[in-house]
Protein chains: 2
Amino acid sequence: MIGGEEGIARWRSVADGIRALIADAAGAMEKLPVEADLAERFQVNRHTVRRAIAALQAEGLVRAERGRGTFVERLPQRLSYPVGARTRFSENITGQSRQPAGRLITSKREAADARIAAALRIRIGAPLHRLETLSVADGVPMSLATSWFPAERFPGIVAAYAESGSITKALAAEGVADYRRQETRITAMRVNPSDAEHLACPRDAVVLVTDSVNCDPDDAPIQLSRARFLADRIEMVFRT
Amino acid sequence: MIGGEEGIARWRSVADGIRALIADAAGAMEKLPVEADLAERFQVNRHTVRRAIAALQAEGLVRAERGRGTFVERLPQRLSYPVGARTRFSENITGQSRQPAGRLITSKREAADARIAAALRIRIGAPLHRLETLSVADGVPMSLATSWFPAERFPGIVAAYAESGSITKALAAEGVADYRRQETRITAMRVNPSDAEHLACPRDAVVLVTDSVNCDPDDAPIQLSRARFLADRIEMVFRT
DNA sequence: TTATATTTGTGCGTATGTATA
DNA sequence: CTATACATACGCACAAATATA
């Protein structure tokens, strides 16, 4: 292997390159350059380009037609996710005429470690409900979240979420009429294998990871969560 | 190939897995499990684990000692990057006792396309200065940015940046005493090959991509920029 | 309509990289 | 270290479908 990177197949890099071509063109590219040109551009054999195109075709991004060319089928467009004090998944998504839904994957009782206890301002060892949830828009998985709630204050949060599929509604059922986002920390990484299954994405997909704390109207922290958003399906928007 | 993903070598997945083990332990893991255990855990041959560890050792994350074991050398810690109306790279970084610096890579004159013209509220085809800049903290490359400035309003912006290595100072030299961040859009992707060279990172690294608009005190847009931050060196923090 | 060029699809041989035993 | 199996990448040739003159 000459130009590429050790341990990653060449056709995969080429596929990424073609994806970038399509994204950069922002809709102005209906038809891909012919395979021979792509091979020249990426300095690989035409077979390697074909392997890359096969992968893109499998994910529905392009469609190859014999004798005609290869055409862009859909362009990777990201859903905007506004983040602010009143960040709520369902409100964000319905604003873009999509059908949101939340599904409980697992729940567990845990004891607070030092990090969680500090964030939620409870004692170390205090009982917690830990929820793994999947958020979906229009039937497409958008994000996975791990949330921790103080179990003493919210004994029925798991059942309330399982029923409504909405954190906002579950908290309302537990007596929290309103809440606000205090802080959001964002980074990004490759998706981990078990998340990849739930998100129905390739195993080398990139996720935006947000750590956030929600507080009740008295500024008492009520929820700590770490959400993983598929980076190619979402962009976060902050207005300042 | 059994468990892994097509087009990505097994040892690379294992290396990612070990990196995740170290990161999740958050400093609590000084010594890696023995190679045989890792091979069992990731369901690969011990040779494959050794190849993964060799890669991690090459990047300075772990150190293997014959007869003793493999030890965590440094743990991946992210620099916090607060984002708000007054986001400035140099102020953010100096607040964490690091030495920031900016370096001009290239500059170019361009004509505004529809997207840029709309964001900067200038006419399509208006002249622009386009700057590619690298930001460094303590000698470590942190981010690359592509910035567009209206050339008519800021004729000397390129020279001013080249001299000071700071957008804030360059704008001051061009008569903008203060400016504010209007909007920030964040997503993430794999780093592109040419960026990888400047950032001195592996070619499959993940970058946070921020698109932002800066405005002068009269709310006139003065700068459009797209910055790429290495996700494993930075986290963005938003307080609301 | 008939050629001709263009473009994707396919087959085969060879060399190298990856993973296991 | 060897041997084996499979995946990756290349080079060349040609077939099949389409576009164009």
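Order of the sequence lines fixes the chain letters, A, B, ..., with proteins taken first and strands second; residue numbering starts at 1 for each chain. None of the values given here were measured: they were computed from a predicted structure.
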Identify the pairs formed between an N or O of the protein and an N or O of nucleotides 10-13 of chain C at a distance under 3.5 Å, and give each distance.
residue	atom	partner	partner atom	Å
C/dG11	O6	A/His47	NE2	2.6

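Rounded to an integer number of Å, the gap from CG of A/Leu38 to C1' of C/dT7 is 12 Å. Regarding A/Lys31, its NZ atom lies at a distance of 10 Å from the P atom of D/dA19, rounded to whole Å. Remark: P of C/dT8 and CG of A/Leu32 are 9 Å apart, rounded to the nearest angstrom. Per the geometry, CH2 belonging to A/Trp11 stands 8 Å off P belonging to D/dA9, to the nearest Å. Whole-Å rounding puts the A/Glu35 CD to D/dC10 C1' distance at 15 Å. B/Arg10 places its CZ atom 10 Å from the C1' atom of C/dT20, with the value rounded to the nearest Å. Here the C1' atom of nucleotide C/dT8 and the CD1 atom of A/Ile53 are 9 Å apart, to the nearest Å. A straight line from CD1 of A/Ile8 to P of D/dA7 spans 19 Å, rounded to a whole angstrom.
Taking only side-chain nitrogens and oxygens, A/Thr70 never comes nearer than 4.0 Å to OP1 or OP2 of C/dT7. Between D/dA9 and A/Arg51, no contact under 4.0 Å exists linking OP1 or OP2 to a side-chain N or O. Phosphate contact (OP1/OP2 of D/dG11, side-chain N/O of A/Asn45, threshold under 4.0 Å): present. Within the 4.0 Å cut-off from OP1 or OP2 of D/dA19, at least one side-chain nitrogen or oxygen of A/Arg68 is found. Using a 4.0 Å cut-off, some side-chain N or O of A/Thr48 falls inside it from OP1 or OP2 of D/dC10.
Shown here for A/Leu128 and A/Ala112, the closest heavy-atom pair between the two residues is CD1-CA, 3.5 Å. The heavy-atom pair separating A/Met29 from A/Leu21 by the smallest distance is CE-O, 3.9 Å.
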Side-chain donor-acceptor pairs under 3.5 Å in residues 57-65 of chain A, sequence neighbours left out?
residue	atom	partner	partner atom	Å
A/Glu59	OE1	A/Arg19	NH1	2.9
A/Glu59	OE2	A/Arg19	NH1	2.6
A/Arg63	NE	A/Glu73	OE1	3.0
A/Arg63	NE	A/Glu73	OE2	3.1
A/Arg63	NH1	A/Glu65	OE2	2.1
A/Arg63	NH2	A/Glu73	OE1	3.1
A/Glu65	OE1	A/Arg68	NE	2.9
A/Glu65	OE1	A/Arg68	NH2	3.3

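A residue-by-residue look at A/Gly67 and A/Arg12 shows that A/Arg12 has its nearest nucleotide of DNA chain D further toward the 5' end.
For the side-chain hydrogen bond (donor to acceptor under 3.5 Å, both in side chains) condition, the pairs that include at least one residue of residues 115-124 of chain B, sequence neighbours left out, are B/Arg123-B/Glu152.
Counting heavy atoms of neighbouring residues, nucleotides and ligands inside a 6.0 Å radius, atom CD of A/Glu110 exceeds 12 of them.
Below 30°, between 30° and 60°, or above 60°: for B/Phe238 and A/Phe238 the angle between ring planes is below 30°, a parallel geometry.
Using a 4.0 Å cut-off between a side-chain N of Lys or Arg and a carboxylate O of Asp or Glu, B/Arg228 and B/Glu132 qualify as a salt bridge.
In this structure, the nucleotide among D/dA9, C/dT8, C/dT18 sitting nearest to the side chain of A/Ala9 is D/dA9.
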